[in-house]
Amino acid sequence: MAARRSSVVQLRKAGAGKPLPVDAESEVGETKMKRTINTSACTPSASEQCIDTAISKICNKTWKRNNKSESNNDDAYFVIQRESLFKRIETMSAHSLVSKFPGMHSLCEKGHYTRCMNFAVSLMPGGYENVTFWPDTWVIPDEMDAVQRSMEQVTKKHSGKGSPPIWIVKPEGGMQGTDIFLVDGFEMLVDKMKTRWTSGDWVVQEYILNPLLVDGLKFDLRLYVTLISLDPLKVYICREGLARFCTKPYVPPNPRKLVQVNNDLMAHLTNYSQQKKSEKFVFAGPGALQENNSSSKRPMSVLLKQLRSKGLTAPNGQSFDENSFWDKIEECVGATITAMMPVLRVSYARYFQCTSEELSSKPCQAFQILGVDVMLRDDFSPILIEVNNSPSLNLSQEMPANATFSNDLPPIKKGKKKAFRPPSPPPRVSTPQKVPSPVDEHVKTIVVGGTLEMLPKLGDRAKGDLRSGFFAKQPRQSVVKKWWFETSESPEHATVREVLNKIEIVFNRCGGASKAFTAGELRKIFSAVPGFIKAGRVSKSDIDIVAAKFKDRAKPAPKEKNSERGMAKDLAVLEWGVAVCEIVVKRYGNSNLLARMEKVLAAMVKLSARRSRGKSDSLPRAAEKRSSANPRDDAEGAAKTSPVKKEHRSALKKDRSKAADHKVGVTSPTSPTARPPPQKTATHRASTRPPRPAPQRAVKKPAQVRDSKPKEDSTSGGVGTSVKKDRLSREPKTVSPKMPKRPEPADEEPSEYETDTESEDSEDSD
């Protein structure tokens, strides 16, 4: 990691903060054919405008845009909504890419993201105590008891010492800073939630009381991360992003005045959608890329320069170190993607119709740009806030009447002969209008253009493999080389990811959400771990208790949208991992949990592999013989091993030949399909039992008693032909075989891709 860091540091020093290069070329620019990106599903159109700008400024020699929705052979498809994603997966070719991962939308919801992070952090060495980038977070009402215990402990611990603790509460499906409030304890939380439980789940998180301030203002950072492959995992971080400032000076919230604070959160929430409504919001002018920029939304590279130039120091006296900052950012992003991997792999395999084992051998046909929001403490350490599935690609800014511009102008540039002054800032607008944003255009063009440069080229010549991540040869002005770097995993994160991958593999082999949570299945896989079931530590009854606790977790929501159908089963892999972890903790305790989980899951993977091949060690050898699918084989084997006479064997052979005539599902020569299996006859049932003594000639039954045993005509044999003898005549009468009725087809479920009545996904607001 240190070796890779040195090269990244050199790239940062060489490129950070420089103007965006125009018409930078990558290796594929030398080829004659341009790759095509389809934007027919781009809604809103702001995304289409951003792609156009990125292509024209960065990769106009390597990419072109197509807007025809019926085209199915383009190299990449840019989609926003889930409906568009799922429809495109069905129609696109095997060498195409799509700009979303199935399941990512659900994972980025605050509740699911919290569950993923809490589980991943619990597996890391030291747990929550050693992880500084993830504050204490819960999902209510499921974790209401844990919230109460924690709030009471923290309040008692900080009694009379320093600033009193505060917690921030957000709705799971909320966006753009709506419906957020602060509480000072459990009683206030219960009181606030009395009228809010109907809105679904909520997230309770520790409020950061010591944020880093610039000019007395609180801010957060929007980082851009591109994921282009799951196996091998390929994650790239852009060193350019957005710094979004509050419009009011920050004052730590006073628990006695939280009612007034909740009515005006402009000093605490950094959401652009909220802050742009303030009269104090400062819009960026022509000097947006200069170090003296004081706008309310500025490039992250400008902010990092300001942190150094302003001489800000941590409480311990240490000044800002950009290299250390990026190391910590890399750790945050790596932990986030690692936590999402089990669900992403299950969802991808379901929609692209492959198995988990095939992910490493097939090229990944999806990529995605994520918006990761972080906040900095006063010691410059980052704090993860949330991840956005659809970060805004809007290049304009909405300016109200009498908007305020940043009056920062770039310095006078000197040419060979004379100096010239840059253009004046735009005049103050008198009516609300949309105008181009120099900050958004600079940042988002780098993000989209760099992502297009990084995309691998899939085609017939690639033979099903990734041709490249970064292209092998890139010129010095490449946007990717200048602004992007690939994440590298620490040994701890690598082990956590291996454990999560094994959880996903065993979960699928155990039958997925429909079977993996059953008590019998959990008993089988834990019994395969040597010495796991031990008296006094954990018993099969303890496993049954955990199974009963999690058995309803995989059921779909009653109002599940068509576009979300199946996601509840995909998300169940996370709950199954939590259930396994709970049983392991009961057996071994919390000490060295990661190593214990790795050992237990390794034994489970071996057992599930044997079971998937039909060689499970849990069944006795004799039971495996009896479980043969063909009853004729079982009867023949029993006849050879039992001490019976020749006549016994000949009688058994005759019974077997009769059973063959009534074989289930025999295909008629004139029928293209097999018959549905009828009920087993007495002869068929007899062939599955062990051989009996030589049977005597059956006594002819009275005419009024109907023989249930079907008889075969010697004159008209043939497999699949039954002969019925007329009781009133001595001559047999041949009739056509009586075909059972074909079962009625089940009512088809509505298509997974039907249009929802509710509004679909949209981009978040910067």
Q: Kindly say whether Glu358 contributes a backbone atom to a donor-acceptor pair with the side chain of Ser361 at under 3.5 angstrom?
A: yes
Q: Closest heavy-atom contact between Phe507 and Lys569?
A: CZ-O, 4.1 Å
Q: Which heavy atom in Gly334 sits nearest to a heavy atom in His493, and how many Å separate them?
A: C-ND1, 4.4 Å
Q: Regarding Lys297 and the six-membered ring of Tyr272, is the cationic atom NZ or CZ under 6.0 Å from the ring centre and inside 45° of its axis?
A: yes
Q: Any side-chain donor paired with an acceptor under 3.5 Å for Ser347 and Asp570?
A: yes
Q: Distance only, no hydrogens: is a donor on one side chain within 3.5 Å (strictly under) of an acceptor on the other, for Thr36 and Asp74?
A: no
Q: If you measure from OG1 on Thr445 to CG on Leu395, what distance do you get to the nearest 0.5 Å?
A: 5.5 Å
Q: Would Asn389 and Glu109 count as having a side-chain donor-acceptor pair, cut-off 3.5 Å?
A: no
Q: Using only heavy-atom distances, determine whether the side chains of Asn394 and Ser392 contain a donor-acceptor pair under 3.5 Å.
A: no
Q: Could you point out which residue of Gln81, His105, Lys100 forms a side chain to side chain donor-acceptor pair (under 3.5 Å) with Ser390?
A: Lys100
Q: Please determine whether ring pair (Phe, Tyr, Trp, His ring centres under 6.0 Å) holds for the pair Phe86 and Tyr351, giving the CA-CA distance in whole Å, both sets of side-chain angles, and the decisive distance to 0.1 Å.
A: CA-CA 8 Å; Phe86 302 144; Tyr351 279 99; 4.5 Å; yes
Q: Verify, without hydrogens or angle tests, whether Trp63 (side chain) and Leu452 (backbone) share a donor-acceptor contact under 3.5 angstrom.
A: yes
Q: Spell out, as yes or no, whether a donor-acceptor pair under 3.5 Å connects the side chain of Asn38 to the backbone of Ser69.
A: no
Q: Give a yes or no answer on whether the side chain of Gln365 reaches the backbone of Ser96 with a donor-acceptor pair at less than 3.5 Å.
A: yes
Q: Verify whether one side chain among Ser273 and Asn271 offers a donor that lies under 3.5 Å from an acceptor in the other.
A: no
Q: Quick one, Phe78 and Cys42 - any side-chain contact, counting heavy atoms below 4.5 Å?
A: yes
Q: Using a distance-only test with no angle check, is there a side-chain donor-acceptor pair under 3.5 angstrom linking Arg88 and Asn72?
A: yes
Q: Within the 3.5 Å criterion, strictly below it, is a donor on Ser478 or Glu453 matched to an acceptor on the partner's side chain?
A: yes
Q: Could you tell me which non-hydrogen atom of Ile446 sits nearest to which non-hydrogen atom of Cys238, and how far apart they are?
A: CG2-SG, 3.9 Å
Q: Can you find a heavy atom in the side chain of Phe367 that is under 4.5 Å from one in the side chain of Leu227?
A: no
Q: Check whether the ring centres of Phe119 and Trp134 lie less than 6.0 Å apart, and answer yes or no.
A: no
Q: Between Arg298 (side chain) and Arg244 (backbone), is there a donor-acceptor pair under 3.5 Å?
A: no
Q: In plain terms, say whether Asp201 and Arg115 are close enough for a salt bridge, that is, a side-chain N and a carboxylate O under 4.0 Å apart.
A: yes
Q: Has Glu240 got a side-chain atom pairing as donor or acceptor with Ser301's backbone, closer than 3.5 angstrom?
A: yes
Q: Could you please spell out the steps behind the salt bridge (Lys or Arg N to Asp or Glu O under 4.0 Å) verdict for Arg345 and Glu504?
A: CA-CA 8 Å; Arg345 289 171 62 93; Glu504 176 252 338; 2.9 Å; yes
Q: Taking the side chain from Ser71 and the backbone from Lys68, do they hold a donor-acceptor pair closer than 3.5 Å?
A: no
Q: Say whether, by atom type as modelled, one donor and one acceptor occur between the side chain of Ser356 and the main chain of Ile505 under 3.5 angstrom.
A: no
Q: For the residue pair Tyr348 and Phe101, does the interplanar ring angle fall in the parallel (under 30°), tilted (30 to 60°) or perpendicular (over 60°) class?
A: tilted
Q: For Lys87, is there any backbone N or O sitting under 3.5 Å from a side-chain donor or acceptor partner on Glu90?
A: no
Q: What I want to check is whether the side chains of Ser56 and Thr53 have a donor and an acceptor closer together than 3.5 Å.
A: no
Q: Would you tell me whether Arg65 and Thr39 have side-chain atoms, one donor and one acceptor, within less than 3.5 Å of each other?
A: yes
